[in-house]
Amino acid sequence: EAGVAQSPRYKIIEKRQSVAFWCNPISGHATLYWYQQILGQGPKLLIQFQNNGVVDDSQLPKDRFSAERLKGVDSTLKIQPAKLEDSAVYLCASSPGTGQPSETQYFGPGTRLLVL
Amino acid sequence: ILNVEQSPQSLHVQEGDSTNFTCSFPSSNFYALHWYRWETAKSPEALFVMTLNGDEKKKGRISATLNTKEGYSYLYIKGSQPEDSATYLCALMGAGSYQLTFGKGTKLSVIP
């Protein structure tokens with residue numbers, strides 16, 4: 001079974017530039033998550049989709065971050081314009097979407113973003 | 001916002017040593033606890049999901065216990081190997097929530 005795919009793996013940009021990340025979840029998984037992991041911190045949930053609807057985006061900085069999940073499958077996360085403090089690893093995860101608290105989330109390898 | 005604490009932040013052990021880490025969480029707000037292992041440049045890998053007080057899970061040389069009454073979980077590694085070097089993350093799903101709150105992780109380095 002193929003895992004969660006993410007691209008690019010690494011990205012270096014200058015502040016005020018725009019950047020986009022792509023995620024392809026495990027086939028059949030209804031729930032998709034984007035996390036931000038800043039160095040020295042644990043991953044923080046930015047947005048959660050159930051199929052192509054947003055379940056939770058309370059921690060997404062909406063003035064600069066946006067995300068969409070096309071046709072309930074792939075997803076893109078965009079930052080526009082980027083700030084220095086956006087330097088982090090952006091992780092995508094997916095899960096079957098049963099709603100059980102014991103449901104495992106499966107993670108991709110992440111995109112490492114450096115904003116100069 | 002839930003507070004999930006992990007200790008120690010990092011540790012170095014010799015190959016063959018056994019070790020353990022702690023994950024602490026609010027005992028009043030518990031639904032499930034997840035443990036993940038994250039090796040450098042790889043995807044975080046799910047190790048265990050624990051839901052019941054007194055749960056014990058085992059996977060090879062790694063095991064975990066859960067105490068929901070006092071709000072902690074221990075992860076044990078028996079006979080550490082260099083391939084165990086990774087960051088170990090615990091994540092809490094609080095009651096009434098459907099999102100995971102992660103701790104900062106424990107970074108383990110196993111010296112050959």
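A, B, ... follow the sequence lines: proteins, then strands. Residue 1 opens every chain.
- Interface remark: A:Gln105 contributes backbone and side-chain atoms alike to the contact with chain B (heavy atom separation under 4.5 Å).
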Practice task
Show your reasoning for whether side chain to side chain contact (heavy atoms under 4.5 Å, CB included) applies to A:Thr104 and B:Phe48.
Solution key: CA-CA 9 Å; A:Thr104 296; B:Phe48 306 114; over 6 Å; no

Practice task
Show the numbers, then the answer: is there a side chain to side chain contact (heavy atoms under 4.5 Å, CB included) between A:Gln37 and B:Trp38?
Solution key: CA-CA 12 Å; A:Gln37 195 249 346; B:Trp38 192 3; 3.5 Å; yes

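- We find the OG-CG distance between A:Ser102 and B:Leu52 to be 9.5 Å, quoted to the nearest 0.5 Å.
- For the options B:Ala32, B:Gly103, B:Pro44, heavy-atom pairs under 4.5 Å to chain A are most numerous at B:Pro44.
- Residue B:Gln99 holds its CD atom at 10.5 Å from CG of A:Leu46, rounded to the nearest 0.5 Å.
- In this structure the side chain of B:Leu100 never reaches within 4.5 angstrom of the side chain of A:Tyr33, judged on heavy atoms.
- In this structure, the side chains of A:Gln41 and B:Phe102 stay at 4.5 Å or more apart for every pair of heavy atoms.
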Problem - Test log, rule side chain to side chain contact (heavy atoms under 4.5 Å, CB included), inputs A:Phe107 and B:Tyr36 - result: CA-CA 10 Å; A:Phe107 284 83; B:Tyr36 285 86; 3.6 Å; yes

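- Cluster membership for B:Tyr31 and B:Trp35, using ILVMFWY side-chain heavy atoms within less than 4.5 angstrom, is not shared.
- Inspection of non-hydrogen atoms places A:Val89, A:Leu91 of residues 71-97 of chain A under 4.5 Å from chain B.
- Between A:Pro43 and B:Leu89, the closest side-chain pair of non-hydrogen atoms falls below 4.5 Å.
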